[in-house]
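Only heavy atoms go into these numbers, but all of them, side chains included; no hydrogens, no water, no symmetry mates. Just so we're on the same page: letters track the sequence lines, and every chain starts at 1.
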There are 2 protein chains.
Amino acid sequence: MPAPEKTTREAIIAAGRALVEQVGVDGLTMQAVAERVGVRAPSLYKRVRDRDELLSLVVAATVEDLTLRMDATSTVPDPRARLMAQAHALRAFAHEQPVGFSLVFAAHGAPRVEPSAVAGSVAPLLDAVTELTGPEHALDGARLLTAWANGFITMELGGTLRMGGDIDAAWRWGLDRIVSALDRPSA
Amino acid sequence: MPAPEKTTREAIIAAGRALVEQVGVDGLTMQAVAERVGVRAPSLYKRVRDRDELLSLVVAATVEDLTLRMDATSTVPDPRARLMAQAHALRAFAHEQPVGFSLVFAAHGAPRVEPSAVAGSVAPLLDAVTELTGPEHALDGARLLTAWANGFITMELGGTLRMGGDIDAAWRWGLDRIVSALDRPSA
DNA sequence: ACCTGAACACCGTTCAAGT
DNA sequence: ACCTGAACACCGTTCAAGT
């Protein structure tokens, strides 16, 4: 007699993402996930190998989410404005999903997802930089921008930046400086 | 009858730092720490409140270590060269203690140490930037550099950068761009 | 005064037994 | 076929009893 399926892999991943944001990575327990999807903890092992795989799936889903957001910026025609929009989209995403963001970009141990997938999520940014700088230093330029944005956001989320001065202004100042450095080919 | 003290708080923290680098944050178990310092796990609670405090102490010690390294760069007279040396010192530290570095700068949840302590560790960098830019945009400039360096190193450690091209060259290219942007006052 | 074994709660995971 | 309770290992933590 086939037993009815009470949940899905997608529901489990979604529950994992919600838990991670609401109670932190340590709050991602198999029991808590099971309770959210209406099942007992052992049943989860029919859909995911173990907690570690579930965490990786959560990160992968977060990367996909980010990729969609970044792709949505392709409508902006001017490459400089588009670059700004992409940086803002990245920061907005991080503010919405701080824990997910840090899991994607601030990996502590071994990478949770394919580094290429993470790099792919910011690919539109590489396109915009290419239009600005030409192909020779496009990769270097994209790395300059993503590294700065990632670092700024991480420090902002961690509180390291929270000392004196307008953080939004500091973001804008830095972004302007970097985009300008990319824009005018002085090196 | 007074019982002999078999370990110290410092030894426990040192054991914690070693464990964290060798087996990751999850490997920092009270049992593993106890074994390293030659004591049983319950005895650790005479020196540290709980595992969470121990982890915070590990991070704090790492910040102190980094502060010493950064302070050592103050011998370089030219501010531009000093800034380069400081960036390199930061990166070298991260390569030596990748897990500790990520714990300090890539906090996942609530800050483990005073954000001001982390900011203080890179204070010499602020001084060099001030010499370069003048006081008006010194803070913004220091944030620009630290954010970039932190982001670059984090992505490097996480593998996100590990795709095509010389990473050292990308680091040098980015550092040169940023320092130049700070050096020549064009904005 | 610090150290220890025993004990408890909690979590990840497995598995035999249900439907 | 999937779901479940029971069971086990492991870890953090407490505590009474040792010295």
(message) Just the rounded figure in Å: distance from P of C:dC3 to CD of B:Glu5.
(response) 7 Å
(request) Send over the distance from A:Arg47 CZ to C:dT14 P, rounded to a whole Å. (result) 17 Å
(request) Calculate the interatomic distance between A:Arg51 atom CZ and C:dT14 atom C1'; express it in whole Å. (result) 18 Å
(message) Rounding to an integer number of Å, can you tell me how far B:Leu54 CG sits from D:dT13 C1'?
(response) 14 Å
(request) Look up atom CG in B:Asn150 and atom CZ in A:Phe152, then write down how far apart they are to the nearest 0.5 Å. (result) 12.0 Å
(request) Examine distances only and state if a side-chain atom of A:Gln97 and a backbone atom of A:Glu21 form a donor-acceptor pair shorter than 3.5 Å. (result) no
(request) Identify the nucleotide, in any strand shown, that forms a Watson-Crick or G-U wobble pair with C:dC15, with both distances under 3.5 Å; if there is none, say none. (result) D:dG5
(message) Quick check against the 3.5 Å criterion: does B:Gln86 have a side-chain atom that pairs as donor or acceptor with the backbone of B:Pro124?
(response) yes
(request) Check the surroundings of atom CG in B:Asp26: do more than 12 heavy atoms from other residues, nucleotides or ligands lie under 6.0 Å from it? (result) no
Between the protein and nucleotides 4-6 of chain C, list the N/O to N/O atom pairs that are separated by less than 3.5 angstrom.
from  : atom 1 : to      : atom 2 : distance (Å)
C:dT4 : OP1    : B:Lys6  : NZ     : 2.8
C:dT4 : OP2    : B:Arg40 : N      : 3.0
C:dT4 : OP2    : B:Ser43 : OG     : 3.0
C:dG5 : OP2    : B:Arg40 : NE     : 3.2

(request) Look at the side chain of B:Arg47 and the backbone N and O of B:Thr8, then say whether any donor-acceptor pair between them is shorter than 3.5 Å. (result) no
(request) May I ask you to decide whether A:Arg69 forms a salt bridge with A:Asp65, counting only side-chain N to carboxylate O separations under 4.0 Å? (result) yes
(request) Specify the separation, in whole Å, of atom CD of B:Glu53 and atom P of D:dG12. (result) 15 Å
(request) Among the candidates D:dC11, D:dT13, D:dC2, find the nucleotide nearest to the side-chain atoms of B:Tyr45. (result) D:dT13
(request) Please state how far atom CE in B:Met30 lies from atom C1' in D:dT14, giving the value in whole angstrom units. (result) 12 Å
(request) Round to the nearest Å and state the distance from B:Leu28 atom CG to D:dG12 atom C1'. (result) 12 Å
